[in-house]
Amino acid sequence: MTNATSFNFQAAFATRVRGMTASAIREILKVTQQPDVISFAGGLPAPELFPLDAVRAATTAALDRYGPAALQYSTTEGHPPLREWIGQQAGIPAQNVQILTGSQQGLDLLGKILISEGDTVLVEAPTYLGALQSFQPYLPNYVQLPTDEGGIDVDALEDILKTTRAKLLYAVPNFQNPTGRTLNLERRKRLVELTAQHGVLVIEDDPYGALRFTGEALPSLYSLGLELAGSVDQNHIIYSSSFSKTLVPGLRDAWVQAARPIIQKLIMAKQGADLHTPTLNQMIVTELLPILPAQIETVKKAYGERAQHMMARIATDFPGDTQHTVPEGGMFLWVTLPEGIDTQAMLPRAVERKVAYVPGSPFYALGGGENTMRLSYCTATPDQIEKGIKALGDTIREALN
Ligand SMILES: Cc1ncc(COP(=O)(O)O)c(C=O)c1O
């Protein structure tokens, strides 16, 4: 053996992953995970609401029903009864449904099959950070779409589409992560029409849609696209959803609904990624479908109360010149502070006061939002909301002075 020399791992990495860095949020969460810090920073569903007993019973039921087949390799497309059920809910054939190992896998695989280097991908400003992470290795060229209380500004979208050859638009229309905002009906219709006219595919990422605690449910972009196209296999909207926020995230069960050409390529990409979503997990989720409506009610009620409580405390404890979104569902709200306040720089001060949030700028593909922050209300107790919002109000007031 010759002398050991240091191996140059950096040079070994593929060019497409050289720009990959640790998620800004993960780094931030490390600081905020001290046990005495009240954290509004996390993005996890409330674990005390998980239907533990039902999952235990569903596991036994799946093993009893299927025997060794529950532990065998299975088809890439997914467990047939689960695909059937999802198809029925959406009024489409099961063959247009692909089961995925978390909707995060769907984002990665859709990036893989749709994005060539330099393709223009339109994203909301701000958008879901995990989508940016999934798409980044495929080297897209991002264009940010301005947003306001009603979601994406569709006039701006129209202008962008006139001058930019876009391949794909990615959006979270219901109770968006990170802002909690919902795309209004009129804009949904225009977004679907405009993208169809310009030949732009749309990924509608909808993990939170079932968790509406106030207001009227709105039609999905997918259903509007279906109406416009008149055929499931001509719909240019790709719909993605998940059992992570309605049941439990740890089973990693999610799905995509799309036109056959997209599903066929997704199947091939998924074969290369993990062959199939764990067989037993899909069977457990299928056994749990009868309790899903009651479980959704439980989660909605709890999150709705927590959101109301947090907004009430913000109204009394934050300085008057702060603004926040009013989510009608989901897990997050978004706070905008006066210009000039940098929430990333302010975070250590908040942690000193034993409260944490996620600064807003990592959610922007091309930068912005330095004066914004994401707050999650879904895991906080009333007492934590009171103390945490008070401490955060004091931190903001100090920064303003
Ligand atoms: C908008 C959005 N999409 C996708 C995901 C990933 O969810 P899943 O657990 O289904 O992979 C999340 C998780 O937080 C999310 O907020």
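Each ligand, and each atom within it, is numbered from 1 in the order the structure gives.
Minimum heavy-atom separation, Met311 to Pro327: SD-CD, 4.0 Å.
Judged by distance alone, the side chains of Asp206 and Tyr239 do bring a donor and an acceptor atom under 3.5 Å apart. A donor and an acceptor atom, one from each side chain of Thr179 and Gln176, are located under 3.5 Å apart. Using modelled atom types and a 3.5 Å distance limit, the side chains of Asn141 and Thr120 yield a donor-acceptor pair.
Annotation: ligand 1 has protein neighbours Gly102, Ser103, Gln104, Tyr128, Val172, Asn177, Asp205, Pro207, Tyr208, Ser242, Ser244, Lys245, Arg252, each with a heavy atom less than 4.0 angstrom from the ligand.
Screening residues 320-342 for side chain to side chain donor-acceptor pair (under 3.5 Å), with sequence neighbours left out, gives Arg212-Glu328.
One finds a salt bridge joining Asp155 and Arg190 here, because a Lys/Arg side-chain nitrogen approaches an Asp/Glu carboxylate oxygen to under 4.0 Å.
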